[in-house]
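Report on the structure given below.
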Amino acid sequence: FPVTIPLKTEGKVLGIDIGKKTAISCSNNQTICEDPHGHSYTSICNKLARKKKGSKNFKQTVVHRTNYLNWVANQINLDGVKRVNGENIKNLRRSKRTSRKMTHWNYGEFFDVLDYKCQQQGVLVVKLNPSNFLFQRLCST
C-alpha cells in the first residue's frame with residue numbers, strides 16, 4: 001500500500017519552467033541541460049524524430065527519454081520547498097502544424113514524474129496559467 005506523506009507547510013515556493021533546450025529552469029537559478037553522458041532532451045527528441053514509429057529502435061529511444069526525464073526530476077533540489085509551480089501547457093500543439101521533432105517533446109510525462117517525486121517528499125505541485133506564470137514565478141522568489 002502506498003504511504004501518504006503529509007504536505008509541507010513551511011518553506012519556499014519553487015517555479016519550474018520546462019523547455020526543449022534546457023530541460024528544467026528553476027526560480028532558484030538551477031538549470032538542468034545534459035546528463036553525465038552528454039544527452040539532452042533536444043538530442044533525444046531529435047533521435048526519436050529519425051526513428052520509424054513502432055520499430056525496436058524507436059521503443060528503445062522512448063525508454064531513453066523516460067529515463068532521462070526521471071533523471072532530471074531527481075536532480076531538482078526540493079530541500080526547503082513546500083510548493084512547486086509549473087506551467088499548464090496542456091494544449092500547446094493543439095490545432096497547429098508542428099515538426100516531427102516537436103511532436104516528441106512530452107511535457108505530460110515529465111509532470112507525471114515530477115508529481116510522483118514531489119508526492120514522495122510532501123511537496124505540492126501546482127500548474128498555473130502560462131500567461132500569468134512568469135509574473136507569479138518572479139513574485140514567488
Side-chain angles (χ1 to χ4, degrees), residues 1-51 53-141:
F1 295 103
V3 178
T4 306
I5 296 177
L7 294 175
K8 294 179 183 177
T9 57
E10 293 184 10
K12 293 184 176 183
V13 177
L14 181 67
I16 289 184
D17 185 27
I18 65 172
K20 197 160 184 229
K21 294 197 179 202
T22 58
I24 293 291
S25 296
C26 300
S27 60
N28 62 359
N29 295 328
Q30 182 182 9
T31 58
I32 301 168
C33 297
E34 292 184 350
D35 66 1
H37 303 289
H39 297 287
S40 66
Y41 199 55
T42 303
S43 70
I44 296 169
C45 288
N46 290 345
K47 187 176 177 183
L48 268 173
R50 294 189 306 266
K51 305 296 178 189
K53 288 187 178 180
S55 69
K56 183 178 178 182
N57 284 331
F58 184 86
K59 292 174 185 174
Q60 288 175 343
T61 309
V62 168
V63 170
H64 184 197
R65 180 182 63 188
T66 302
N67 291 339
Y68 179 80
L69 292 176
N70 285 323
W71 178 81
V72 167
N74 287 329
Q75 298 304 308
I76 299 171
N77 185 6
L78 293 176
D79 295 335
V81 174
K82 69 175 180 178
R83 188 176 81 203
V84 172
N85 289 342
E87 290 180 287
N88 187 13
I89 49 178
K90 185 168 84 172
N91 294 323
L92 181 68
R93 296 185 308 256
R94 187 173 183 197
S95 71
K96 293 181 182 176
R97 293 184 62 168
T98 57
S99 69
R100 184 166 164 100
K101 292 177 184 179
M102 187 66 180
T103 60
H104 297 295
W105 185 55
N106 194 348
Y107 47 84
E109 183 179 2
F110 174 73
F111 274 114
D112 292 342
V113 171
L114 182 66
D115 285 342
Y116 181 73
K117 178 179 168 50
C118 289
Q119 186 181 24
Q120 288 179 332
Q121 296 191 15
V123 177
L124 178 66
V125 177
V126 178
K127 294 180 186 173
L128 301 171
N129 185 352
S131 61
N132 298 332
F133 181 71
L134 180 62
F135 177 73
Q136 292 172 351
R137 190 173 106 184
L138 292 174
C139 292
S140 66
T141 57

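Quick caveat: nothing in here was measured; it's all calculated off a predicted structure.
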Shortest non-hydrogen contact from Ala23 toward Tyr68:
CB-OH, 3.7 Å

ring-ring contact (aromatic ring centres under 6.0 Å, His included) contacts in which one or both residues fall within residues 19-40, not counting sequence neighbours
His39-His64

With Lys56, which residues qualify under side-chain contact (heavy atoms from CB on, under 4.5 Å), at least two apart?
Gln60

Look up atom OG1 in Thr61 and atom NZ in Lys51, then write down how far apart they are to the nearest 0.5 Å.
5.5 Å

Contacts under 3.5 angstrom, residues 69-81 side chains, donor-acceptor by atom type, not counting sequence neighbours:
residue	atom	partner	partner atom	Å
Asn70	ND2	Thr66	O	3.2
Asn74	ND2	Asn70	O	3.2
Asn77	OD1	Asp79	N	3.1

Sorted by chain and residue number, the side-chain contact (heavy atoms from CB on, under 4.5 Å) partners of Leu7 (sequence neighbours excluded) come out as Leu124

Taken to the nearest 0.5 Å, the spacing of Ile16 CD1 from Leu128 CG works out to 11.5 Å

Applying side chain to side chain contact (heavy atoms under 4.5 Å, CB included), run through Arg50 and Asn46 and close with a yes or a no.
CA-CA 7 Å; Arg50 294 189 306 266; Asn46 290 345; 4.1 Å; yes

Using the side chain to side chain contact (heavy atoms under 4.5 Å, CB included) rule, take Ile18 and Ile24 through it: C-alpha gap first, then chi angles, then the decisive distance, then the call.
CA-CA 5 Å; Ile18 65 172; Ile24 293 291; 3.6 Å; yes

Do Glu87 and Asp17 come close enough that some side-chain heavy atom pair is under 4.5 Å?
yes

Qualifying residues under side-chain contact (heavy atoms from CB on, under 4.5 Å), relative to Lys8, sequence neighbours excluded:
Lys82, Val123

Taking the side chain as every heavy atom from C-beta outward, state whether Gln119 and Asp115 have any pair of such atoms under 4.5 Å apart.
no

State which residues pass side-chain contact (heavy atoms from CB on, under 4.5 Å) with Thr22; sequence neighbours excluded, sorted by chain then number.
Ser25, Cys33

